[in-house]
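Quick note on labels: first sequence line is chain A, next is B, and so on, each numbered from 1. Atoms considered below: every heavy atom in the structure, side chains included; atoms not considered: hydrogens, waters and symmetry mates.
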Amino acid sequence: MSETLSDRYNHKEVESKNYEFWLKNNYFKAADVSTKPPYSIVIPPPNVTGTLHIGHALNHTIQDVLTRWKRMSGFNALWLPGTDHAGIATQMVVEKELLKQDVKRKDLTREQFLEKVWDWKDKYGSRILGQMKYMGDSVDWDRTRFTLDEGLSQAVREVFVKLHKDGLIYRGQRLVNWDTHLETAVSDLEVENEERNGTLWHLKYQIEGTSEFLTIATTRPETLLGDTAVCVHPEDDRYKKYIGKNVILPLLGRKIKIISDDYVDQAFGSGVVKITPAHDFNDYEIGKRHNLQFINILNPDGTLNENAGAYKGLKVQNARKKILEDLAAQELIAKEQPHKLTVPICSRSGVIIEPYLSNQWYVAIKKLAEPAKNVVKSGAITFEPESWSKTYLHWMENIEDWCISRQLWWGHRIPAWHCDDCQKITVELKDPTECSYCKSKKIHQDTDVLDTWFSSALWPFSTLGWPKETESLKTFYPTTVLVTGHDIIFFWVARMVMMGLYFVGDVPFRKVYINGIVRDANGKKMSKSVGNTVDPLDIIEKHGADSLRYTLLSLISSGKDIKFSEQRLEGYRNFMNKIWNATRFSLSNLSDFKETKQIVPEKSALNLADKWLTFRLGEVEAEVQDALENYRFSDATTALYQFVWNDFCDWYVEYTKPILYGNDSQDKKGTQMVLAVTLNRIMRLLHPFVPFITEEIFQKLPIKSASVTVDAYPTRHNDEEWLSIGNKDAHFEFELLKDVITAIRNIRGENLIKPGVKMNVKLSPGDAKVQKILEENKSAIIRLAGLDQCDIAVVKDFTKCAVSLVQKTSGQKQDHKVEVVIPLEGLIDFAAEISRIEKLIEKSSKELGSTEGRLRNDNFVKNAPPEVIEKDKARIEELKSQISTLSAQVKRLQ
RNA sequence: AGGGGAUUAGCUCAGUUGGUAGAGCGCCACCCUUACAAGGUGGAUGUCGUCGGUUCGAGCCCGGCAUCCCCUACCA
């Protein structure tokens with residue numbers, strides 16, 4: 001009944017086939033109504049313009065592990081997929097496409113352009129969703145959402161109108177980050193600060209009615225055209241006397257006031273600052289404080305406007321050059337010096353961001369922020385790692401109103417209609433046909449669209465059908481956990497919390513798991529320009545999705561950044577191969593195994609290894625459960641790696657080979673059952689981490705079900721009957737056996753005795769119990785240690801022998817020991833053996849010294865808990881007997 | 001400037017109520033033993049960044065210092 005497997009794991013034959021299998025059987029579907037407890041995750045929607053990168057790979061693997069684990073654990077598990085329309089990014093991509101055909105966006109009407117974007121979206125927008133299938137993402141595809149879908153757009157409309165009615169959305173004139181290429185406001189998120197080498201120019205402003213000058217330092221001399229004051233520190237003795245007087249603005253000749261404000265740093269530059277309220281964020285604040293005039297000198301496209309006088313029409317950089325020339329001609333430049341400054345750059349277009357005064361839509365955030373703070377303070381939402389809650393709260397304390405309008409075409413158009421007659425604004429759920437104030441028919445819709453994050457903020461409930469009271473919403477909201485990066489805690493996480501609380505009346509998720517950033521092997525940020533990116537699709541092609549997933553999970557350590565290395569990947573690729581081959585071996589030895597159900601074998605049919613392995617299985621099941629519950633993914637992968645490789649492959653399989661190769665005995669039947677059940681358990685335990693290989697193997701096992709994907713996750717709790725096979729005694733005995741075998745191998749290895757040379761070993765048991773264990777497993781010892789002969793009896797004569805001491809404490813705190821004695825005459829050079837033993841003595845002596853020292857310390861004896869002291873005393877005895885045995889041995893060899 | 005994090009084996013990192021330092025990879029040696037050379041067996045390697053404090057006892061708790069990273073805000 002077993003099938004044959006190729007001798008090397010080939011992920012290509014396995015992965016796409018099984019994904020199709022899962023889809024065909026609808027295993028990822030979550031039910032709107034179910035008796036099972038709900039578990040839900042909404043995906044952080046990737047941009048439609050995007051392709052899957054390594055960061056997604058990490059983020060998705062975590063979500064998939066959680067979803068698959070909970071699905072197997074009896075939950076109605078939903079992982080909801082979708083994409084974000086990504087206003088700026090998408091508009092730019094399409095604009096670039098059009099430019100290839102020599103078409104500019106403004107050559108088209110808004111409708112024509114949007115048609116092009118939708119065409120592009122239909123063609124390429126689901127690329128990233130397709131790529132998620134290569135990762136094995138178990139999302140419920142039928143629920144795929146897009147932020148510009150009809151339903152989600154309805155939610156956006158509903159939210160906008162309600163917030164507007166509640167007075168929480170307003171229009172205002174403020175300074176915003178302005179992208180002169182895209183000609184729109186952009187969010188802080190899209191602004192990157194780049195350090196550049198610039199110049200600090202010291203300009204001379206003449207004080208009115210005198211021949212004196214004030215020297216003013218600036219990095220942006222062109223902004224002087226918009227200056228409406230110069231400012232000094234009120235306590236600055238150099239300048240106190242000028243406060244209230246005027247200076248003459250160079251080039252333009254305007255008179256502007258000299259004011260004072262604490263903001264000025266007396267030590268920097270000349271201690272005098274020019275104030276340009278319409279083009280600098282700090283100056284803007286000062287301008288408001290001092291009621292200054294706001295002079296805007298820029299057009300939306302970054303050219304200077306009529307306020308710039310002779311410089312009108314020039315681009316900023318050109319205007320700067322010209323202005324410096326003109327200032328120099330008038331000898332108004334006192335000096336210039338090199339200066340490092342940080343320049344705000346738009347991450348999308350790459351142009352320098354200009355602070356720009358414009359009319360925008362804002363959300364008054366304070367009222368929304370208050371409850372959003374409270375849910376984190378109260379623990380209704382927790383962060384993992386916990387420290388991120390501090391970051392979240394800190395930001396919430398200092399939150400400012402949210403500019404939600406963008407001067408783009410791609411996005412949710414703002415549902416506000418301006419009246420041409422009375423100038424008032426109508427905001428309704430249904431498109432109005434007349435002004436709701438003066439009833440004029442001459443109304444037009446606002447041309448702006450909403451910030452992409454506005455619709456993302458609604459994602460946890462808009463995707464579930466809100467504003468309709470759907471069954472989905474009732475079942476899956478609040479979602480269980482949000483998995484995302486720390487870079488969007490403010491832009492996304494915080495806003496989801498505010499919107500969720502305000503509109504649904506409950507938190508959008510109970511837990512926020514913050515995953516780290518994947519960096520290259522040297523810890524550098526991956527970037528296309530540096531060329532150190534790792535493409536997950538390449539890795540999947542080469543090594544398979546399972547290897548990639550296991551690697552990422554193993555590298556996670558509590559939200560810290562991850563250094564991704566090819567070497568680690570190969571290690572886990574090898575692990576996949578190990579799993580594959582262990583199965584191959586097992587199946588070839590289960591061909592005559594008839595059972596298709598798990599039956600707990602008779603005790604008499606079970607050997608020591610069976611009981612030991614099952615005990616370890618129980619331990620591992622508990623460890624994995626605990627790790628997953630605490631989001632400690634690498635703990636889970638480590639525990640499973642060690643169990644499968646070290647315990648199952650290295651010891652159990654090796655131990656049981658003769659049994660499996662032998663006749664159809666009771667023992668063989670028992671071992672086959674343990675083998676079959678353990679394989680079944682291993683595949684189920686591993687499945688959330690490595691779904692493809694486990695499904696492939698699971699289908700070929702003698703004990704299986706329709707699919708591991710929907711089978712039960714093994715835990716100590718639901719696996720009790722089977723796990724009762726294992727017990728502590730068996731564990732102790734087998735571990736002792738392992739130590740004896742390892743001790744023999746060690747002597748062989750250290751003495752360079754070739755495997756072909758058979759050895760005779762004498763095992764000298766310290767007590768009857770040990771003697772029994774050794775006798776019962778004599779043949780295993782002979783085989784696994786590569787012996788010719790093995791005598792079990794108390795040894796008195798150690799002449800010309802190598803000796804090792806194996807000591808173990810059993811559950812009853814009884815000390816058991818075995819002396820491993822190997823006659824070495826004719827096998828080795830004794831000097832080597834002496835030095836091996838002396839090394840052991842040295843190690844034990846060192847430990848003995850420190851332990852004895854501790855016990856000599858009265859304070860230790862007085863204060864330490866009794867069990868610690870007992871342990872130390874026992875250890876001393878152990879060490880002493882070890883040292884004396886070994887020292888005696890050295891003498892015999894000399 | 002403020003906030004956060006890091007410093008443990010050559011590399012990447014575990015080390016969860018303080019009680020004898022761990023893993024993977026790499027390295028060295030020996031092995032093609034009928035599941036796997038993407039393998040097996042054995043081995044070496046650490047004054048746990050530094051100085052001090054608390055304690056019988058500190059990788060772990062407290063404080064100073066050094067180095068590095070990230071975030072936020074930036075000096076015009």
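Scanning atom types as modelled, no donor and acceptor separated by under 3.5 angstrom connect the side chain of Lys754(A) and the base of C30(B). Taking 3.5 Å as the limit, the base of A35(B) and the side chain of Glu654(A) contain a donor-acceptor pair of atoms between them.
For the OP1/OP2 pair of A38(B) and a distance below 4.0 Å, the side-chain nitrogens and oxygens of Arg8(A) include at least one atom meeting the criterion. Taking 4.0 angstrom as the limit, Lys657(A) places a side-chain polar atom (N or O) nearer than this to OP1 or OP2 of A35(B). At A37(B), none of the side-chain N or O atoms of Lys578(A) fall inside 4.0 Å of OP1 or OP2 (strictly under the cut-off). Checking the phosphate oxygens (OP1, OP2) of C36(B), no side-chain nitrogen or oxygen of Asn574(A) falls inside 4.0 Å. Under 4.0 angstrom from either OP1 or OP2 of G15(B) there lies at least one side-chain N or O belonging to Arg632(A). The side chain of Trp645(A) contributes an N or O atom lying less than 4.0 Å from OP1 or OP2 of G40(B). Here Arg573(A) does not reach the OP1 or OP2 of A38(B): none of its side-chain N or O atoms lies under 4.0 Å away. Residue Asn398(A) places none of its side-chain N or O atoms closer than 4.0 Å to OP1 or OP2 of U72(B).
Using a 4.0 Å heavy-atom distance criterion, Cys649(A) is classed as a base contact. No contact: Asp487(A) has no heavy atom under 4.0 Å from any strand. Val272(A) comes within 4.0 angstrom of no nucleic acid atom, judged by non-hydrogen atoms across all strands. Counting any heavy atom pair closer than 4.0 Å across all strands shown, Thr218(A) reaches sugar-phosphate atoms only and no base atom. Residue contacts for Tyr661(A): at a heavy-atom cut-off of 4.0 Å it reaches the sugar-phosphate backbone alone, with no base atom in range. As judged by a 4.0 angstrom heavy-atom cut-off over every strand, Trp201(A) is placed among residues making no nucleic acid contact. In this structure, Phe575(A) reaches neither bases nor backbone, as no heavy-atom distance under 4.0 Å exists between it and the strands shown. Residue-level contact check: Asn746(A) touches the backbone only, with heavy atoms under 4.0 Å from sugar-phosphate atoms and none from bases. Within the nucleic acid shown, Thr851(A) has no heavy atom closer than 4.0 Å to any nucleic acid atom.
Here the P atom of nucleotide G39(B) and the CZ atom of Phe585(A) are 18 Å apart, to the nearest Å. Between the CG atom of Leu752(A) and the C1' atom of U41(B) there is a distance of 12 Å, given to the nearest Å.
Summary of the strand contacts: Ile216(A) and Thr742(A) both lie near RNA chain B, and taking for each the nucleotide with the nearest heavy atom, the more 5' one is attributed to Thr742(A).
Among the candidates Arg584(A), Lys578(A), Met576(A), the single residue satisfying the side-chain contact (heavy atoms from CB on, under 4.5 Å) test with Trp580(A) is Arg584(A).
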